[in-house]
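Notes follow the structure.
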There are 2 protein chains.
Amino acid sequence: MKVDVKKFDFQSEKILGSLSPMDKELFLKSGDELTFKKKKLIFYEGGIPTGAFLIQEGRAKIYKTGLDGKDQIFYVYNKGDLLGYHALLCNEKYEDSCEALEDCKVLFISESKFHHLLEQIPNLKLLLIQNMSHEFGVLVNTITVLAQKPLRERLALYLLILNERYRSEDTDIILPREDLANIVGTARESLGRLLKEFREEELIEIDNKIIRIKDPAKLQKIASSEYV
Amino acid sequence: MKVDVKKFDFQSEKILGSLSPMDKELFLKSGDELTFKKKKLIFYEGGIPTGAFLIQEGRAKIYKTGLDGKDQIFYVYNKGDLLGYHALLCNEKYEDSCEALEDCKVLFISESKFHHLLEQIPNLKLLLIQNMSHEFGVLVNTITVLAQKPLRERLALYLLILNERYRSEDTDIILPREDLANIVGTARESLGRLLKEFREEELIEIDNKIIRIKDPAKLQKIASSEYV
DNA sequence: AATAAAGTATAACAAATATCACATTTTTTT
DNA sequence: AAAAAAATGTGATATTTGTTATACTTTATT
């Protein structure tokens with residue numbers, strides 16, 4: 001059965017997108033614009049949440065640092081995505097960290113404003129519930145993939161997922177090897193070797209940091225365990 | 001740093017537990033009692049959700065079946081837990097399956113009743129939001145553990161987690177090796193080897209299916225990568 | 001209680017992936 | 001533009017974990 005890339009997408013842009021123009025304006029007005037330079041932390045594991053973030057420009061990675069210092073990245077947020085509200089809403093400390101992969105323009109909605117919005121916009125609670133319900137499925141799928149699929153299939157799958165995530169704004173996949181390794185859940189060296197194989201099999205093109213998908217159909221097959 | 005077992009607990013019993021006695025009664029009245037024999041499916045991946053479930057007696061596993069037929073279990077629900085509402089709330093098909101590990105008594109709340117309750121009990125939406133926000137953290141932690149920790153540490157950790165999950169009701173950990181392997185994310189044989197080692201190191205006692213924790217402190221150390 | 005079925009243990013072996021050490025290239029800083 | 005720093009590529013090797021095959025136990029069924 002074909003792997004569905006959409007099952008790995010939080011669709012966090014739907015929350016805002018589903019609001020009426022009036023509510024949306026209200027929401028956007030409640031935020032303050034912040035700028036995060038590439039590699040700057042937006043929030044970090046163990047920190048106390050002070051608000052939520054809406055990405056207006058750029059991409060950011062959500063990750064956890066393991067005890068051995070190795071990061072596990074489990075999502076790359078994109079322009080339009082709302083994030084960082086989980087810990088805020090359950091009154092816990094951040095379970096994860098968020099770092100800008102590129103220079104980012106972000107709208108910050110403070111905790112009090114966010115809670116205020118939840119009351120002002122009756123629909124918002126339900127939209128959050130819907131979105132988090134969906135996210136649950138995404139994470140469950142992520143767990144299964146990481147725990148079960150061999151490296152080659154994981155890489156194929158994540159290249160397709162990232163391609164989708166990067167496509168929205170023009171570009172090809174462009175992120176450090178180390179990050180890609182931490183998404184796929186492997187060592188940098190093992191990743192490099194496989195990327196080379198993929199290139200030799202003409203599945204992708206590599207131009208330094210840039211990875212360009214050449215044969216999505218075949219990658220799809222590999223990701224779906226249909227191809228050896 | 002010590003691993004916190006609570007960070008792997010959905011705390012799904014808090015939803016009901018946080019309702020006022022009146023609201024709780026209303027909730028409980030909206031359900032129909034069902035019985036599921038051991039190994040019976042409560043719902044399954046790809047199925048269309050028709051309601052939510054509250055476990056009144058017994059335990060159930062939530063899992064996904066990989067393309068190779070191997071299951072990945074990512075949670076064991078317990079008496080008092082509310083489950084199966086995610087797919088319901090985002091209008092998607094079930095992303096996972098749920099099977100009774102023991103004979104279960106379950107309260108079924110149909111979709112229409114559940115939505116009705118969401119309107120009748122104003123607090124319920126927020127409780128769901130809080131709970132799902134917390135669940136997000138749990139799943140994120142699960143991903144990191146499965147993707148990064150070596151088998152030995154994973155097993156130590158999950159033994160502690162399961163011990164907590166089984167403690168509520170008297171017993172020691174009692175579930176088939178295959179299931180334990182599918183929780184820890186390994187092959188049955190590899191699990192068996194390690195269990196034997198753990199027994200030889202006097203960390204656990206094994207009595208057929210039953211696993212009894214003997215040295216939680218040392219298991220904790222292993223789980224926290226502090227012990228070789 | 002006897003038989004079948006399911007689950008479990010074990011050892012030898014194979015495969016996948018990580019680690020290490022170092023060369024090379026690219027990017028950033030001065 | 002040169003120097004330093006960071007990131008990447010590569011091969012040899014070690015380690016971990018999975019696989020296969022088979023014997024053994026426990027649990028379920030008749």
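Order of the sequence lines fixes the chain letters, A, B, ..., with proteins taken first and strands second; residue numbering starts at 1 for each chain. Bear in mind that the values here come from a model prediction, so they are computed numbers and not experimental data.
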For A:Leu180 and D:dG9, give me the distance from atom CG to atom C1', rounded to whole Å. 15 Å

Using only atom types and a distance under 3.5 Å, with no angle test, would you say the side chain of B:Lys149 pairs donor to acceptor with the backbone of B:Ala223? yes

Can you see if the side chain of A:Arg177 gets near the phosphate of D:dG9 - specifically, an N or O under 4.0 Å from OP1 or OP2? yes

Tell me what B:Glu189 touches on the nucleic acid: a base, only sugar-phosphate, or nothing, going by heavy atoms under 4.0 Å. base

First and last nucleotide of DNA chain C touching chain B, 5' to 3', heavy-atom cut-off 4.0 Å? C:dG7 to C:dA12

Let me know the distance between CZ of A:Arg188 and P of D:dG9, rounded to the nearest Å. 9 Å

Mind telling me whether B:His86 and A:Phe136 have parallel, tilted or perpendicular rings, with 30° and 60° as the class edges? parallel

Using a 4.0 Å heavy-atom cut-off across all strands, classify A:Lys39 as base, sugar-phosphate, or nothing. sugar-phosphate

Without swapping roles, check the side chain of B:Arg59 against the backbone of B:Arg165 for a donor-acceptor pair under 3.5 Å. yes

Quick check on D:dG18: is either OP1 or OP2 less than 4.0 Å from any side-chain nitrogen or oxygen of B:Ser190? yes

Just list the side-chain donor-acceptor pairs under 3.5 Å for residues 63-75 of chain B, sequence neighbours left out, or say none.
residue	atom	partner	partner atom	Å
B:Lys64	NZ	A:Asn141	OD1	2.6
B:Lys64	NZ	B:Glu45	OE2	3.2
B:Lys64	NZ	B:Glu95	O	2.9
B:Thr65	OG1	B:Asp71	OD1	2.8
B:Asp68	OD1	B:Lys70	N	3.2
B:Gln72	NE2	B:Asn182	O	3.2
B:Tyr75	OH	B:Asp9	OD1	3.1
B:Tyr75	OH	B:Phe10	N	2.8

Looking at B:Lys218 and B:Glu202, does any basic side-chain N land under 4.0 Å from a carboxylate oxygen? no

Indicate yes or no: at least one non-hydrogen side-chain atom of A:Asp172 is less than 4.5 angstrom from one of A:Asp207. no

Salt bridge (charged side-chain N to carboxylate O under 4.0 Å, His left out) between A:Lys221 and A:Glu226, worked out: CA-CA 5 Å; A:Lys221 277 197 180 176; A:Glu226 285 171 13; 5.7 Å; no

Among residues 191-199 of chain B, which ones have heavy-atom contacts with DNA chain C below 4.0 Å? B:Arg193, B:Lys196

